[in-house]
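For clarity, every value in this text was computed on a predicted model and none was experimentally measured. All chains are named by letter (A, B, ...) in the order of the sequence lines, taking the proteins before the strands, and each is independently numbered beginning at 1.
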2 protein chains.
Amino acid sequence: MDKIKIIVVDDHPMVIEGMRAMLQQIDFLELCATANNAYMALEKLREQQPDLVITDINLPEISGIELTARLKKEYPAIKVIGMSTFNERSYISQMIQSGADGFLVKSASKEEIEKAISLVIEGQMYLSVDVNMNNQEKKELKNQPVLTRREKEILHLIADGLTNPQIAEKLFISLNTVDTHRKNLLAKFETNNSASLIKLASKSGII
Amino acid sequence: MDKIKIIVVDDHPMVIEGMRAMLQQIDFLELCATANNAYMALEKLREQQPDLVITDINLPEISGIELTARLKKEYPAIKVIGMSTFNERSYISQMIQSGADGFLVKSASKEEIEKAISLVIEGQMYLSVDVNMNNQEKKELKNQPVLTRREKEILHLIADGLTNPQIAEKLFISLNTVDTHRKNLLAKFETNNSASLIKLASKSGII
DNA sequence: AAAAAAATCCCCTGAAAGGGTGAGCGATCC
DNA sequence: GGATCGCTCACCCTTTCAGGGGATTTTTTT
């Protein structure tokens, strides 16, 4: 069997170099390209046809989540492992929803990375142990509500301190509509006031 | 002149490997040790007597900030460069106050790292361009209001979704007092509603 | 001991948020 | 072609918030 071809996508040179150093030590795979952003990643993808893409979730302009979605649409066979720092676990579910096959925290050891790659290539899903371990956080992750475009928009305006009438004026919609959206947001986050709404949204990385 | 001896401290193997790869390419310095945490760092320090320590700010147990403070107390001659992901700029000021000589974001390029090391070794201070550049964020950093103990306490309760009467009951104080504290919080953050208050506090890392 | 800062308390008013319910309309999915 | 979902709008009612005063008592700093 040929070596597994991998592309690593991250905007931090340090992470790219770190991954390069670690992947070199694993003999059944080959790092065929790296990219600093989603555009470059998509370009390299066309050239190289890799088996696996390991991508940071926080990329400038186009996020790793969107990159994953686009990539999976065009090349469903390519496996994707998402990567993120420990602070951003909240994005994991979105990543999975976009079609990712695995998730690694950046604090992963060489062994963990190797294991993740092996499992994902076999068709299994791999989630960093750190992700599985913390039950409370896992629960919080699961309870992350799915917001509609409009709801996110309004959530941001609320966070910016606009009142319902101001939001209504800005979006050219009725005050009642804004009110409804706000209520739906509160319901989705299972809370009952804006302060904790913003706190939860902030913790979830939505803001 | 001898090569500059450096110790890198970070709990992410990927960053360690990335730094190792990048530092190897710079000929006037030598990576003499690495450490995953503050304890190991202090141990290696005693053994190696480096010229420079590059440390992550977010370390388990003992933070990079505290490590810096301890290190500077014992070995004032050793230079320290703090390192952090772009999200955590709010810690920079604390880092500088603890005696750090420089600050790098983890997204730094090889060139930037080289420049930072050179300047710091010469006795100058280096801050990542990202830190200097963004005036708005810099302002936000500076404008971080100083909160009293009580105000922080109440801020957290507001964020948890408690209403003023609930807070009053919980803290055994009058509703009016809570109201006053809340007003002071709004004034200090120069905003006029709880939602944006929580957003700002959240961004500042207070929550 | 005097001054400053923090914490406490009180009253007022209008605006805004929160809670409940129902309903029309367009796009998309099956 | 029916069902679901997202977005829109409406009405009613109660509670909370925001902002404006002013005031006293601890605690800390100088």
Side-chain angles (χ1 to χ4, degrees), chain A residues 65-66 69-70 72-73 76 93-94 97-99 142-202 204 206-207, chain B residues 97 143-202 204 206-207:
Chain A
I65 294 166
E66 210 182 319
R70 291 192 190 184
K72 278 284 179 180
K73 205 168 176 184
S93 57
Q94 289 179 55
Q97 276 171 32
S98 296
K142 277 189 180 167
N143 289 343
Q144 236 194 109
V146 181
L147 303 186
T148 67
R149 225 173 311 126
R150 201 55 154 177
E151 284 168 350
K152 278 182 200 162
E153 197 176 358
I154 286 173
L155 179 59
H156 278 103
L157 295 176
I158 294 174
D160 286 338
L162 302 201
T163 64
N164 283 4
Q166 289 173 324
I167 295 173
E169 196 184 347
K170 179 154 193 167
L171 299 182
F172 304 107
I173 57 178
S174 149
L175 170 60
N176 300 300
T177 307
V178 179
D179 220 44
T180 303
H181 284 306
R182 190 182 207 121
K183 284 171 191 169
N184 289 338
L185 282 167
L186 291 177
K188 284 190 177 180
F189 278 93
E190 289 175 346
T191 183
N192 53 6
N193 72 53
S194 305
S196 70
L197 169 68
I198 299 304
K199 184 193 156 199
L200 292 171
S202 199
S204 300
I206 296 173
I207 293 179
Chain B
Q97 275 169 35
N143 287 345
Q144 249 192 90
V146 181
L147 303 186
T148 66
R149 226 173 309 126
R150 200 55 153 178
E151 282 167 351
K152 277 184 200 162
E153 197 176 359
I154 286 173
L155 179 58
H156 277 104
L157 295 175
I158 294 174
D160 285 339
L162 301 201
T163 64
N164 284 3
Q166 288 173 323
I167 295 173
E169 196 184 348
K170 180 153 192 168
L171 299 183
F172 304 110
I173 57 179
S174 150
L175 171 59
N176 302 299
T177 307
V178 179
D179 219 46
T180 303
H181 285 305
R182 192 182 205 121
K183 283 176 198 168
N184 290 336
L185 282 168
L186 291 177
K188 284 191 177 179
F189 279 92
E190 290 175 344
T191 184
N192 55 4
N193 73 51
S194 307
S196 69
L197 170 68
I198 298 303
K199 183 194 158 199
L200 292 171
S202 201
S204 299
I206 296 174
I207 292 179

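Within the structure, a side-chain polar atom (N or O) of Ser194(A) is placed less than 4.0 Å from OP1 or OP2 of dG18(C). Under 4.0 angstrom from either OP1 or OP2 of dG19(D) there lies at least one side-chain N or O belonging to Asn192(B). Contact annotation: Arg149(B) does not reach the phosphate of dA6(C) (side-chain N/O to OP1 or OP2, under 4.0 Å).
Candidate nucleotides dA17(C), dG21(D), dG20(C) were compared by shortest atom distance to the side chain of Lys183(A), and dG20(C) ranks first.
Heavy atoms of Asn184(B) sit nowhere under 4.0 angstrom from any nucleic acid atom.
dG19(C) atom C1' lies 15 Å from atom CG of Leu185(A), rounded to whole Å. Look at CG on Leu147(A): it is 10 Å from P on dC7(D), rounded to the nearest Å. As rounded to whole Å, 18 Å separates atom C1' of dT8(D) from atom CZ of Arg182(A). One can place NZ of Lys152(B) at 10 Å from P of dA7(C), the figure rounded to the nearest angstrom. Atoms CD (Glu153(A)) and C1' (dG6(D)) sit 13 Å apart, rounded to a whole Å. Taking atom CG of residue Asn193(B) and atom C1' of nucleotide dG18(C), one finds them 15 Å apart after rounding to whole Å. As rounded to whole Å, 11 Å separates atom P of dC17(D) from atom CG of Leu186(B).
Among residues two or more places apart in sequence or in another chain, the side-chain hydrogen bond (donor to acceptor under 3.5 Å, both in side chains) test is passed with Thr177(A) by none. Take Lys183(A) and apply the side-chain hydrogen bond (donor to acceptor under 3.5 Å, both in side chains) test, not counting sequence neighbours, and it matches Asp179(A). Residues forming a side-chain hydrogen bond (donor to acceptor under 3.5 Å, both in side chains) with Asn184(A) (at least two apart in sequence, or on another chain): none.
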Got a list of protein N/O to nucleotides 13-15 of chain C N/O distances below 3.5 Å?
none

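Of the residues in residues 155-164 of chain A, none has a non-hydrogen atom less than 4.0 angstrom from any atom of DNA chain D. If you check residues 167-181 of chain A against DNA chain C, you find no residue with a heavy atom closer than 4.0 Å.
In this structure, Arg150(B) CZ and Ile154(B) CD1 are separated by 6.0 Å, a value rounded to the nearest 0.5 Å. Considering CD1 of Ile158(A) and OG1 of Thr163(A), their distance stands at 10.0 Å, rounded to 0.5 Å.
Overall bending of the helix from dA1(C)-dT30(D) to dC30(C)-dG1(D), expressed as the angle between end axes built from five pairs apiece, is 70° (10° steps).
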Next on the checklist: Could you go through His181(B) and Val178(B), starting from their C-alpha distance and side-chain angles, then the distance that decides it, and tell me whether this counts as side chain to side chain contact (heavy atoms under 4.5 Å, CB included)?
Outcome noted: CA-CA 5 Å; His181(B) 285 305; Val178(B) 179; 5.7 Å; no
Next on the checklist: Arg149(B) vs Glu153(B), test: salt bridge (charged side-chain N to carboxylate O under 4.0 Å, His left out). Steps then yes/no.
Outcome noted: CA-CA 6 Å; Arg149(B) 226 173 309 126; Glu153(B) 197 176 359; over 6 Å; no
Only distances under 3.5 Å count here; give the side-chain donor-acceptor pairs of residues 169-176 of chain A to other protein atoms, sequence neighbours excluded, each with its distance to 0.1 Å.
unit_1, atom_1, unit_2, atom_2, d
Ser174(A), OG, Asn176(A), N, 2.9
Ser174(A), OG, Asn176(A), ND2, 3.2

Anything under 3.5 Å between a donor and an acceptor, one on a side chain of residues 192-200 of chain A, the other on a protein residue two or more places apart or in another chain? List them.
unit_1, atom_1, unit_2, atom_2, d
Asn193(A), OD1, Ala195(A), N, 3.0
Asn193(A), OD1, Ser196(A), N, 3.0
Asn193(A), ND2, Gly161(B), O, 2.5
Ser194(A), OG, Arg182(A), NE, 3.4
Ser194(A), OG, Arg182(A), NH2, 3.0
Ser196(A), OG, Thr191(A), OG1, 2.4
Ser196(A), OG, Asn193(A), O, 3.3
Lys199(A), NZ, Asp160(B), OD1, 2.4

